[in-house]
Amino acid sequence: MPESTKWWQVLNPAIYLVSILPAIAVWLITDLNHSETMSLIVSTCGVVLLQHAINLFNDAKDWQLGADLEKLDSWVRVHNYNTSKTNRHGVLSLFAGCIIGVSSLIIYEHQSVIFYAFPFVVLGLLYNYGKYPLSYTTVGEWVTGICYGPGVFGSLWFVAGQQFSLTMILGMVAFSAFSISLLLSHQPPQISTDRTAGKKSFAVRHGEKITYRVSTLMFSLALVSVSFAMFLVEKLPTVLFLFVFLSIFTIFRFISLRPNPKSLLLNASFVFVMPTLLTIFI
């Protein structure tokens, strides 16, 4: 048995941007007061812990079924190749995320969001549950999109005190597309082991070239959707112009590049953070 990996070698903060960027988008699109902003921040911390839990469950399940065995930053390696310990770590993170999330909803009087968010949390857990989890089926990418679009963005939208609207729909489309883009960009290097493990991922079914193309298309759809959402709420022209300009620049960059999770997350963060900083200082 090879030597186990240290937790700090596995922890990749950039991964959690997929849960943080929806919150930044909600703040950027809307005009929140202090209470709504604090509710959004605390709830996002809960979402990050839930994502961490699902990542742990995913690593454990992949290890059990023989996929991602070459993955060096697997939490299974941290727990001495013991999937039971990895799952217990996941349960602890899941419990902490639920406590923080529910507490935030109660404190800021958004209890109704609990009933909205609950089915998406269950769906996220089913992504890795059982002998044949959803992540190993042809609907794995769709489940990811549902969890991060209507699930994460939709929940944070309601947490921020906003109402159902076309703007919300655009945001849900954006982060459904963004999460799918990230997942697809992760798949091509693992086609061989995924196929051997019986994982019917998009890349296994359609090949590397099409997967990278669709990943870029989904990433572009995400940025375009947020741009339209900002236009609908009549965001300050300078902020809207900066977001659109950075989006176009980033999209054209990825047309000639092979997307990967790190590059997608860092570039998306740049597109979102710069207009946010401009909003703060205007």
Side-chain angles (χ1 to χ4, degrees), residues 5 7-22 24-25 48 51-52 54-59 61-63 67-78 127-128 135-136 140-145 147-149 152-153 173-197 199-226 246-274:
T5 306
W7 70 266
W8 50 265
Q9 294 175 300
V10 173
L11 186 65
N12 181 6
I15 292 175
Y16 303 99
L17 287 169
V18 70
S19 292
I20 296 172
L21 287 177
I24 294 176
V48 169
Q51 181 196 343
H52 182 59
I54 290 173
N55 288 346
L56 285 156
F57 295 145
N58 188 63
D59 281 357
K61 180 58 65 175
D62 280 342
W63 198 270
D68 281 2
L69 295 181
E70 78 286 354
K71 185 179 178 181
L72 297 178
D73 58 348
S74 171
W75 283 96
V76 176
R77 296 179 184 273
V78 174
Y127 186 77
N128 299 297
S135 60
Y136 279 69
E141 293 79 19
W142 288 102
V143 170
T144 299
C147 287
Y148 279 98
V152 174
F153 181 86
V173 169
F175 286 98
S176 288
F178 183 57
S179 62
I180 291 172
S181 175
L182 285 173
L183 182 58
L184 293 180
S185 71
H186 175 78
Q187 291 178 353
Q190 301 169 346
I191 288 177
S192 178
T193 53
D194 283 352
R195 182 180 288 117
T196 301
K199 196 171 187 177
K200 299 177 182 178
S201 69
F202 186 91
V204 167
R205 302 193 317 269
H206 300 285
E208 176 182 304
K209 190 173 182 179
I210 292 178
T211 301
Y212 280 129
R213 284 182 178 176
V214 175
S215 176
T216 301
L217 179 63
M218 291 293 102
F219 181 72
S220 303
L221 175 60
L223 296 182
V224 170
S225 296
V226 175
L246 293 176
S247 296
I248 294 172
F249 174 78
T250 305
I251 289 170
F252 272 101
R253 281 194 66 218
F254 276 106
I255 289 176
S256 58
L257 296 174
R258 281 187 170 183
N260 63 72
K262 186 175 182 178
S263 64
L264 288 174
L265 285 166
L266 293 180
N267 278 275
S269 298
F270 180 71
V271 173
F272 279 94
V273 170
M274 295 307 292

**Message:** Tell me which one of Pro259, Ser181, Ser176, Ser179 satisfies side-chain contact (heavy atoms from CB on, under 4.5 Å) with Met218.
**Reply:**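 Only one of Pro259, Ser181, Ser176, Ser179 forms a side-chain contact (heavy atoms from CB on, under 4.5 Å) with Met218, namely Ser181.
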Once ring-ring contact (aromatic ring centres under 6.0 Å, His included) is applied, do any residues pair with [X], and if so which ones, sequence neighbours excluded?
| X | answer |
| --- | --- |
| Phe153 | Trp157, Phe175 |
| Tyr136 | none |
| Tyr212 | none |

Any idea which heavy atoms bring [X] and [Y] closest together, and the distance?
| X | Y | answer |
| --- | --- | --- |
| Arg195 | Val204 | NH2-O, 3.6 Å |
| Leu184 | Thr211 | O-CG2, 3.2 Å |
| Pro188 | Ser185 | CD-O, 3.8 Å |
| Leu21 | Leu265 | CD1-O, 4.5 Å |
| Ile191 | Gly207 | CD1-C, 4.3 Å |
| Arg205 | Lys200 | NH1-O, 2.6 Å |

Nearest 0.5 Å, please: how far is [atom2] in [Y] from [atom1] in [X]?
| X | Y | atom1 | atom2 | answer |
| --- | --- | --- | --- | --- |
| Tyr148 | Ile180 | OH | CD1 | 12.0 Å |
| Ser220 | Phe178 | OG | CZ | 12.0 Å |
| Thr216 | Leu257 | OG1 | CG | 8.5 Å |
| Asp194 | Gln187 | CG | CD | 7.0 Å |
| Leu264 | Ser269 | CG | OG | 10.5 Å |
| Trp142 | Phe202 | CH2 | CZ | 10.0 Å |

**Request:** Enumerate the residue pairs fulfilling ring pair (Phe, Tyr, Trp, His ring centres under 6.0 Å) with a member in residues 248-269, sequence neighbours excluded, ordered by first and then second residue.
**Result:**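 Every pair satisfying ring pair (Phe, Tyr, Trp, His ring centres under 6.0 Å) with a residue in residues 248-269: Phe219-Phe254.
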**Request:** Report the C-alpha distance between Val226 and Phe272 in whole Å, list the side-chain angles of each, state the deciding distance to 0.1 Å, and finish with yes or no for side chain to side chain contact (heavy atoms under 4.5 Å, CB included).
**Result:** CA-CA 10 Å; Val226 175; Phe272 279 94; 3.9 Å; yes
**Request:** Show the numbers, then the answer: is there a side chain to side chain contact (heavy atoms under 4.5 Å, CB included) between Ile54 and Cys147?
**Result:** CA-CA 11 Å; Ile54 290 173; Cys147 287; over 6 Å; no
**Check against side chain to side chain contact (heavy atoms under 4.5 Å, CB included), Lys199 and Asp62** = CA-CA 9 Å; Lys199 196 171 187 177; Asp62 280 342; 3.7 Å; yes
**Prompt:** Considering residues at least two apart in sequence or located in another chain, which fulfil the side chain to side chain contact (heavy atoms under 4.5 Å, CB included) criterion with Ser247?
**Reply:**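 Result, side chain to side chain contact (heavy atoms under 4.5 Å, CB included) vs Ser247: Leu223, Ser227, Phe243, Val271.
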**Request:** Please name all residues satisfying side chain to side chain contact (heavy atoms under 4.5 Å, CB included) with Leu217, sequence neighbours left out, ordered by chain then number.
**Result:**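 Side chain to side chain contact (heavy atoms under 4.5 Å, CB included) check on Leu217 returns nothing, list empty.
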**Derivation of the side chain to side chain donor-acceptor pair (under 3.5 Å) call for Ser19 and Gln51** = CA-CA 7 Å; Ser19 292; Gln51 181 196 343; 2.6 Å; yes
**Asked** Do Asn267 side-chain atoms and Thr250 backbone N/O form a donor-acceptor pair below 3.5 Å?
**Response**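 Checked: no pair found.
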